[in-house]
There are 2 protein chains.
Amino acid sequence: MLYRPFESQLNVQLAKHDLYRAQWSVLHYLATNGSATLVELAHYQRVEKPTVTRTVTRLEELNYLEHIPGKDRREKRVRLSPLGESLYKEVRLTVDQFEQEILKGISEKDQLAAIQIMKEIRSNLISKETVK
Amino acid sequence: MLYRPFESQLNVQLAKHDLYRAQWSVLHYLATNGSATLVELAHYQRVEKPTVTRTVTRLEELNYLEHIPGKDRREKRVRLSPLGESLYKEVRLTVDQFEQEILKGISEKDQLAAIQIMKEIRSNLISKETVK
DNA sequence: TATTATAGTTACCTTAGATAACAATTACCC
DNA sequence: GGGTAATTGTTATCTAAGGTAACTATAATA
């Protein structure tokens, strides 16, 4: 069950906007959380820091991000630029439509149940992480 | 919900066996289906042919696969070698354990419901594919 | 028989993950 | 307060994994 996600299908949708999954993941985090440091993004994506550095650098080159001052001089805090925000909204439509299509025929009740289970799995993952 | 799978966590488990996700995916398909051509694997993974060529080549280098005659002289049909089979069983244990951990605290009933929904999503994806 | 379709490969590009080693800054401890 | 720890981020380097374009070889078909 778990080792066969449908990422490649999502990639097809994102490709329409010249976006990649890790990039989309960052945009999504910033759209829902306002701003983030690179370490914050690394935790979110469960990925090492250099990976985030690269993805963020690319998004900066595309002018989708802008800097805001952090509490440190070490940390680098970013948020969506106006261009990034408008892109996000646009891609959001595509992704929403994609999700609707693949959930077609599944009752609202079942959908909510599935989402709930995903949340529990995620919290299991996090507690597993913190133990380590 | 959909754009945040837990692949990176699975990768950690696979890394214990020096395996990567795409490689594992091929091993899993062959373990459950006996044999396959490259086109068959490409459809299964929803990926282009050159991608499969590379993954299969790597698995061949590692002696996890062996050839069997196909109905054509074009097609290349592969299955697990004895080494591949024993590796699969070994990794299977790790993956099963991982799944148990992340499903901890979720009732059997809910788990089955989630798996059912995944199946429906997958069949939606396939019918979407065939339309195209 | 000539054309078209299918299976696979090669070459090349990009994204995305990992480690190792490092600089800069901050936190902490005696 | 000064020296050591820890934190944040970057650079360099490696591999996996995706894509497209162009190609060969074989099979199917018109």
Side-chain angles (χ1 to χ4, degrees), chain A residues 3-29 35-62 64-65 67-78 91 132, chain B residues 3-29 35-62 64-65 67-78:
Chain A
Y3 39 81
R4 279 242 63 211
F6 12 81
E7 347 151 357
S8 51
Q9 296 304 103
L10 179 59
N11 289 344
V12 172
Q13 305 302 316
L14 295 177
K16 296 176 184 171
H17 305 271
D18 288 310
L19 257 193
Y20 292 83
R21 204 158 24 83
Q23 296 171 355
W24 169 246
S25 169
V26 169
L27 296 185
H28 179 256
Y29 186 87
S35 72
T37 65
L38 297 213
V39 168
E40 209 175 323
L41 291 170
H43 285 160
Y44 173 65
Q45 305 203 358
R46 297 168 198 286
V47 136
E48 298 300 321
K49 291 183 296 177
T51 303
V52 174
T53 297
R54 200 184 335 87
T55 303
V56 164
T57 299
R58 187 74 187 101
L59 290 173
E60 284 172 342
E61 285 169 8
L62 296 166
Y64 295 151
L65 303 187
H67 293 197
I68 60 177
K71 69 171 201 302
D72 262 5
R73 282 204 305 193
R74 289 177 298 185
E75 80 173 24
K76 178 172 168 182
R77 184 164 283 274
V78 293
V91 181
K132 186 184 65 184
Chain B
Y3 39 82
R4 280 244 61 209
F6 11 81
E7 346 151 359
S8 51
Q9 297 305 104
L10 179 59
N11 290 344
V12 172
Q13 305 301 317
L14 296 177
K16 297 176 183 171
H17 305 271
D18 287 308
L19 257 194
Y20 292 84
R21 203 159 25 82
Q23 297 170 355
W24 168 247
S25 169
V26 169
L27 296 186
H28 179 255
Y29 186 87
S35 72
T37 65
L38 298 214
V39 168
E40 207 174 326
L41 291 171
H43 284 161
Y44 173 65
Q45 304 203 359
R46 296 167 199 289
V47 135
E48 297 300 322
K49 290 184 295 177
T51 303
V52 175
T53 297
R54 198 185 333 90
T55 302
V56 166
T57 300
R58 187 73 186 102
L59 290 172
E60 286 172 344
E61 285 169 7
L62 295 167
Y64 295 150
L65 303 186
H67 292 197
I68 60 178
K71 67 171 205 301
D72 262 8
R73 284 203 304 190
R74 290 175 298 182
E75 80 174 24
K76 177 174 169 182
R77 185 166 281 273
V78 292

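Every heavy atom of this structure was used, including side-chain atoms; hydrogens, water molecules and symmetry mates were not. Residue numbers start from 1 in every chain, and the chains themselves are labelled A, B, ... in the order their sequence lines are given, proteins ahead of strands.
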Nucleotide opposite C/dT26 in a Watson-Crick or G-U pair, distances under 3.5 Å: none
Any A/Arg46 side-chain heavy atom under 4.5 Å of B/Val12 side chain: no
With a 4.5 Å cut-off on side-chain heavy atoms, are B/Thr37 and B/Lys76 touching? no
Integer-rounded Å distance: C/dG17 P and B/Gln23 CD: 17 Å
Round to the nearest Å and state the distance from B/Glu48 atom CD to C/dT9 atom P. 15 Å
Strand-adjacent residues in residues 49-58 of chain B, judged by heavy atoms under 4.0 Å from DNA chain C: B/Lys49, B/Pro50, B/Thr53
Where the side chain of A/Ala22 is concerned, which of C/dG8, C/dG17, C/dT6 is the nearest nucleotide? C/dG17
Quick check: do B/Ile68 and B/Val78 have side-chain heavy atoms less than 4.5 Å from each other? no
For the backbone of A/Val47 and the side chain of A/Thr51, can you confirm whether one donor and one acceptor N or O come within less than 3.5 Å of each other? no
How many whole angstroms separate atom CH2 of B/Trp24 from atom P of C/dG17? 21 Å
Base, sugar-phosphate, or nothing: which does A/Glu75 touch, judged by heavy atoms less than 4.0 Å apart? sugar-phosphate
Between atom OH in B/Tyr20 and atom P in C/dG17, what is the gap in whole Å? 13 Å
Should D/dA22 be called syn or anti, with syn set as within 90° of 0? anti
Between atom CG in A/Asn11 and atom P in C/dT15, what is the gap in whole Å? 13 Å
Using modelled atom types and a 3.5 Å cut-off, is there a donor and acceptor pairing between side-chain atoms of A/Ser25 and backbone atoms of A/Arg21? no
Interatomic distance where CG belongs to A/Leu19 and P belongs to C/dT14 [whole Å]: 17 Å
Check every nucleotide of DNA chain D for an atom under 4.0 Å from a heavy-atom of chain B, then give the first and the last such nucleotide from 5' to 3'. D/dA16 to D/dA27
According to salt bridge (Lys or Arg N to Asp or Glu O under 4.0 Å), who are the partners of B/Arg77, at least two apart in sequence or on a separate chain? B/Glu40, B/Glu75
Please give, in whole Å, the distance from C/dG17 P to A/Gln45 CD? 6 Å
When both distances are under 3.5 Å in a Watson-Crick or G-U wobble arrangement, the nucleotide paired with D/dT26 is C/dA5
Could you grab the distance from atom NE2 of B/His28 to atom OH of B/Tyr44, nearest 0.5 Å is fine? 5.5 Å
Between B/Gln23 (side chain) and B/Tyr20 (backbone), is there a donor-acceptor pair under 3.5 Å? yes
For A/Arg74 and C/dA27, give me the distance from atom CZ to atom C1', rounded to whole Å. 7 Å
Between B/Lys76 and C/dT9, is there a contact of a side-chain N or O with OP1 or OP2 at under 4.0 Å? yes
B/Leu19 vs B/Leu27 side-chain heavy atoms within contact, under 4.5 Å: yes
